[in-house]
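Accompanying notes for the structure given below.
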Amino acid sequence: MAGPAGPRRRAGREREGVLAQWRTVLANRPFLLFSGAMTGSYLLTFQVYLALPLAAGRALGADGAKATTGLFLLSAAVAVAGQLRLTGWAGAAWSPSQALVRGLAAMGAAFLPLALLPRAGAAAQLAALAVAVAVLAAAGAVVYPFEMDTVVTLARGRLVATHYGLYNTVSGVGITLGNLGVGALWDYAARHRAPWLPWLALAATGLLCATAVHRLARTGRLAHPPREAAPAPA
């Protein structure tokens with residue numbers, strides 16, 4: 001009768017295989033640097049659900065919830081209508097790294113109207129919110145396809161699913177920590193009568209991410225490594 005040694009050995013080999021995969025991914029320094037640089041893009045996009053609704057409530061009071069619903073609809077409409085067109089246009093006009101850098105910079109710039117009009121009237125603030133949502137959605141439509149392609153490129157065709165898993169984990173942690181920071185900054189700005197401060201910080205986040213990706217591209221860390229030539233058929 002076969003003992004339990006066989007299943008235990010198989011389980012041990014499977015654990016060793018998973019650990020080896022994670023070691024391989026964690027040793028991929030360009031991928032880790034790219035993951036960190038792109039975390040801010042997810043934080044900026046998430047503000048459609050955090051800072052922008054807070055701003056709508058502050059500007060419009062009881063009508064803030066209706067304005068937030070309208071902002072959600074605007075974001076979805078821009079994303080759906082512009083995804084293929086914007087991706088095709090960016091792919092024809094720019095290199096992947098240029099599309100990433102310019103898309104990230106646009107994400108940050110989306111918050112500048114709110115920083116410049118912190119005490120404007122309700123109509124002006126609503127317009128600034130609409131601009132922010134539309135620019136975030138359009139920039140996200142530009143960035144996302146090139147971002148995913150870059151992850152595959154940096155994975156070098158190996159353990160792509162594991163790379164995606166770690167990438168999403170890093171992004172999730174970044175969103176959580178970033179939202180804690182945005183919330184704390186929002187409260188600080190309210191106490192010190194500096195309503196422009198969170199928007200300026202978010203704009204700076206986009207610029208910082210764009211600069212980081214630009215630097216990675218300039219130093220060749222985002223370039224696809226040359227593939228070895230396939231052996232000639234016998």
Side-chain angles (χ1 to χ4, degrees), residues 20-48 79 82-84 86-112 132 135-182 185 199-228:
Q21 290 180 13
W22 280 103
R23 282 195 295 268
T24 299
V25 174
L26 292 173
N28 189 341
R29 184 173 173 79
F31 165 75
L32 295 179
L33 292 171
F34 179 72
S35 299
M38 291 300 298
T39 298
S41 69
Y42 288 88
L43 171 63
L44 297 178
T45 302
F46 195 87
Q47 299 317 304
V48 174
Q83 179 71 73
L84 294 177
L86 288 170
T87 301
W89 173 78
W94 301 328
S95 68
S97 60
Q98 287 174 332
L100 288 170
V101 169
R102 290 168 185 175
L104 289 168
M107 284 184 173
F111 296 96
L112 288 178
V135 173
L136 280 173
V142 169
V143 166
Y144 184 75
F146 299 102
E147 173 190 2
M148 295 298 102
D149 286 347
T150 302
V151 172
V152 175
T153 295
L154 294 176
R156 304 182 185 184
R158 297 178 58 228
L159 304 176
V160 174
T162 306
H163 280 81
Y164 272 134
L166 181 58
Y167 187 83
N168 289 329
T169 300
V170 171
S171 300
V173 171
I175 290 173
T176 301
L177 296 178
N179 281 337
L180 289 173
V182 170
L185 196 59
W199 310 124
L200 195 60
L202 290 167
T205 298
L207 180 61
L208 181 63
C209 292
T211 301
V213 172
H214 176 66
R215 191 171 183 82
L216 289 174
R218 281 191 61 186
T219 55
R221 289 184 173 92
L222 301 186
H224 197 293
R227 293 181 179 273
E228 295 180 2

Tell me, with the steps shown, if V142 and R102 meet side-chain contact (heavy atoms from CB on, under 4.5 Å). CA-CA 9 Å; V142 169; R102 290 168 185 175; over 6 Å; no
Once you round to the nearest 0.5 Å, how far does [atom1] of [X] lie from [atom2] of [Y]?
X    : Y    : atom1 : atom2 : value
S41  : L100 : OG    : CG    : 9.0 Å
M38  : L104 : CE    : CG    : 4.5 Å
L154 : T150 : CG    : OG1   : 6.5 Å
L202 : L43  : CG    : CG    : 6.0 Å
I175 : L180 : CD1   : CG    : 12.0 Å
L222 : T153 : CG    : OG1   : 9.0 Å

Taking all non-hydrogen atoms of both residues into account, name the closest pair between [X] and [Y] and its distance.
X    : Y    : result
L185 : A201 : CD2-CB, 3.4 Å
A37  : A212 : CB-CB, 3.8 Å
G206 : L44  : CA-CD1, 3.6 Å
L112 : A203 : CD2-CB, 3.7 Å
A90  : F146 : CB-CE1, 4.0 Å
A139 : M107 : CB-CG, 3.7 Å

Flag, side chain of H163 to backbone of L159, donor-acceptor distance under 3.5 Å: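 Yes.
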Ignoring hydrogens and angles, tell me if any N or O in the side chain of T205 forms a donor-acceptor pair with the backbone of G108 under 3.5 Å. no
Which residue pairs pass the side chain to side chain donor-acceptor pair (under 3.5 Å) test with at least one member in residues 139-149, sequence neighbours excluded? Y42-E147, E147-Y167
Within the 4.5 Å heavy-atom criterion, are [X] and [Y] side-chain neighbours or not?
X    : Y    : result
F46  : V182 : no
S97  : R218 : no
L200 : F111 : no
V173 : T39  : no
L32  : V170 : no

Residue pair F31, V151: steps toward the side-chain contact (heavy atoms from CB on, under 4.5 Å) verdict: CA-CA 7 Å; F31 165 75; V151 172; 4.0 Å; yes
Working note: Q47 + N179, criterion side-chain contact (heavy atoms from CB on, under 4.5 Å); need CA distance, chi angles, decisive distance, verdict. CA-CA 8 Å; Q47 299 317 304; N179 281 337; 3.1 Å; yes
Over 12 foreign heavy atoms within 6.0 Å of CG, L177: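 Atom CG in L177 is crowded, with more than 12 foreign heavy atoms closer than 6.0 Å.
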Step by step, work out the side-chain contact (heavy atoms from CB on, under 4.5 Å) result for T24 and N28. CA-CA 7 Å; T24 299; N28 189 341; over 6 Å; no
